[in-house]
There are 2 protein chains.
Amino acid sequence: MARKQGSHAEITGPRLRQAALRLFARHGFAAVSMRQIAAEVGVQAGALYLYTADKQALLFDLMRDHLEDLLADWSPPDAPAERQLESFVRHHIRYHLDRPDLVFIAYMELRNLDPANFAVIERLRRDYEDQLEAILKRGQAQGVFEVPDTKLATLALIAMLTGVTTWYREGGRLDRAAVEDHYWRMACKAVAAAR
Amino acid sequence: MARKQGSHAEITGPRLRQAALRLFARHGFAAVSMRQIAAEVGVQAGALYLYTADKQALLFDLMRDHLEDLLADWSPPDAPAERQLESFVRHHIRYHLDRPDLVFIAYMELRNLDPANFAVIERLRRDYEDQLEAILKRGQAQGVFEVPDTKLATLALIAMLTGVTTWYREGGRLDRAAVEDHYWRMACKAVAAAR
DNA sequence: GTCTATAATAGGATAGAC
DNA sequence: GTCTATCCTATTATAGAC
């Protein structure tokens with residue numbers, strides 16, 4: 001039988017990653033089959049293996065690229081600790097609302113990574129957390145923050161901020177600027193020194 | 001061939017639920033097979049269907065019972081809003097640290113619920129959120145809290161508190177009392193009125 | 001109440017045609 | 001570079017023996 005299409009290396013690769021992203025986010029890595037992904041891309045299942053070593057590599061590449069982007073996309077401004085925190089909070093919210101599917105996968109599919117891949121991803125996540133913890137330590141040393149345990153506070157703040165992805169919907173009651181403002185105010189108060 | 005064991009209805013049912021809980025939490029609902037669960041229970045796969053209608057019912061029952069317990073286990077004390085918030089925070093942390101696997105499943109496996117089951121679970125989750133929001137509204141009206149958007153603040157606080165399950169390990173650097181104290185202090189400050 | 005056996009289907013991945 | 005066809009294994013769930 002004649003094949004349906006010719007060669008589309010440059011376009012099929014990105015489309016594969018996009019389809020995998022969408023389907024993993026909707027249904028979960030384990031629940032999605034290579035056949036489903038292929039159908040979404042518009043090719044046969046066998047053809048996917050021209051663009052990825054296997055299903056695991058598909059997941060790992062999505063997560064690693066996401067976290068590397070997240071890290072590369074922000075660095076602390078040369079400013080007081082409180083301004084650095086504001087910058088971090090606003091960037092975190094913005095970045096996460098822009099990429100709901102990637103964020104979702106990076107938090108939900110850790111269990112489905114091979115041990116070696118898991119170690120890489122955990123390292124990147126730790127690097128990101130360290131950026132926030134450095135701000136908290138600096139503010140604590142300067143007396144503008146009061147954070148008895150900077151590691152706990154870091155994880156608490158990141159969990160609070162990341163939670164925005166579970167409820168925010170475009171066109172809803174609050175726009176992005178308002179959401180950013182509200183989270184920034186709560187985060188700021190949560191770590192503030194008693195006055 | 002002779003069967004290995006006799007009748008164990010009273011014990012196999014609970015063991016099935018416990019095994020499913022453990023495996024779903026470790027590997028995810030979609031990644032776990034009925035054969036794996038049966039092996040953990042110590043029976044053959046076919047025998048599981050004496051205790052559950054299907055795999056979906058296993059997941060749904062775990063989540064529903066968990067959320068119903070969570071709701072039944074707490075009611076606001078007759079006290080000022082700040083004390084009610086403290087009670088909620090401490091109860092939430094305690095309850096979640098006591099049942100890490102159930103909490104994990106209830107947050108991670110929503111995607112794997114049938115639509116009808118999903119609606120039931122979402123209703124229960126909403127009921128729980130409403131309890132916290134009522135406290136925030138009350139404190140806001142009394143002027144002890146300053147929360148421009150009580151719904152957003154509710155979701156932000158719950159996300160922050162629930163995050164404890166992602167890092168807390170028994171026997172680690174901080175004990176439960178210290179963890180409770182730190183989260184309570186952050187939550188309290190985050191919603192406090194400016195003084 | 002649990003067993004073995006099996007139905008019916010779907011899974012990841014590969015081979016070889018074109 | 002994509003196709004069809006297929007290997008091999010695993011899946012959920014059921015049937016019928018004991």
Side-chain angles (χ1 to χ4, degrees), chain A residues 1-24 26-62 105 109 111-117, chain B residues 1-24 26-62 105 109 111-117:
Chain A
M1 247 173 273
R3 66 178 99 90
K4 285 207 189 105
Q5 296 167 314
S7 175
H8 296 291
E10 335 69 41
I11 192 151
T12 302
R15 277 172 57 82
L16 165 57
R17 293 169 59 85
Q18 220 183 4
L21 171 60
R22 234 184 69 90
L23 290 170
F24 290 167
R26 295 278 181 297
H27 310 293
F29 174 77
V32 171
S33 72
M34 294 297 270
R35 281 173 175 80
Q36 277 177 271
I37 299 172
E40 181 106 345
V41 173
V43 300
Q44 295 294 320
L48 297 183
Y49 292 86
L50 294 167
Y51 306 97
T52 185
D54 52 22
K55 199 184 170 192
Q56 170 73 203
L58 219 39
L59 176 63
F60 174 63
D61 288 349
L62 285 170
I105 288 177
E109 303 296 354
R111 290 174 301 185
N112 289 304
L113 288 172
D114 288 345
N117 289 341
Chain B
M1 244 175 274
R3 65 178 101 89
K4 286 208 190 102
Q5 296 167 316
S7 175
H8 297 291
E10 335 69 43
I11 191 151
T12 303
R15 276 172 58 82
L16 164 56
R17 294 169 59 85
Q18 219 184 5
L21 170 61
R22 235 184 70 89
L23 289 170
F24 290 167
R26 296 277 181 297
H27 310 293
F29 174 77
V32 171
S33 73
M34 294 297 268
R35 278 176 177 77
Q36 279 175 272
I37 299 172
E40 182 106 346
V41 174
V43 300
Q44 295 295 318
L48 298 183
Y49 292 86
L50 295 167
Y51 305 97
T52 185
D54 52 22
K55 199 184 169 191
Q56 170 72 204
L58 219 38
L59 177 63
F60 175 64
D61 289 347
L62 285 171
I105 287 178
E109 303 296 355
R111 293 174 300 186
N112 289 304
L113 287 172
D114 288 346
N117 289 341

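Below, read A as the first sequence line, B as the second, and so on, with proteins coming before strands; counting in each chain starts at 1.
Rounded to whole Å, atom P of dA13(D) lies 10 Å from atom CD1 of Ile37(B). Spacing between atom CG of Leu50(A) and atom C1' of dA15(C) amounts to 13 Å, rounded to whole angstrom units. Here the P atom of nucleotide dT6(D) and the CD atom of Gln44(A) are 14 Å apart, to the nearest Å.
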Below 3.5 Å between N/O atoms, which protein atoms pair up with nucleotides 11-13 of chain C? Just atom names and distances, please.
unit_1, atom_1, unit_2, atom_2, d
dG11(C), OP1, Ser33(A), OG, 3.2
dG12(C), OP1, Val32(A), O, 3.4
dG12(C), OP1, Met34(A), N, 3.4
dG12(C), OP1, Lys55(A), NZ, 3.2
dG12(C), OP2, Met34(A), N, 2.7
dG12(C), N7, Arg35(A), NH1, 3.0
dG12(C), O6, Arg35(A), NH2, 3.1
dA13(C), OP2, Tyr49(A), OH, 2.7
dA13(C), OP2, Lys55(A), N, 3.3
dA13(C), O5', Tyr49(A), OH, 3.3

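Every residue meeting the side-chain hydrogen bond (donor to acceptor under 3.5 Å, both in side chains) condition with Arg17(A), not counting sequence neighbours, appears here in chain and number order: Asp65(A). Qualifying side-chain contact (heavy atoms from CB on, under 4.5 Å) partners for Ala47(A), counting only residues two or more places apart in sequence or in other chains: Val43(A).
In this structure the side chain of Glu40(A) reaches within 4.5 angstrom of the side chain of Arg22(A), judged on heavy atoms. Contact of the Met34(B) side chain with the Lys55(B) side chain is registered, since non-hydrogen atoms from C-beta on lie closer than 4.5 Å.
Contact check, Thr12(B) against dT2(C): a side-chain N or O comes under 4.0 Å of OP1 or OP2.
For the pair Asp114(B) (side chain) and Asn117(B) (backbone), a donor-acceptor distance under 3.5 Å is absent.
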Go through the steps to decide whether Leu58(A) and Leu16(A) satisfy the test side-chain contact (heavy atoms from CB on, under 4.5 Å), and finish with yes or no. CA-CA 9 Å; Leu58(A) 219 39; Leu16(A) 165 57; 4.0 Å; yes

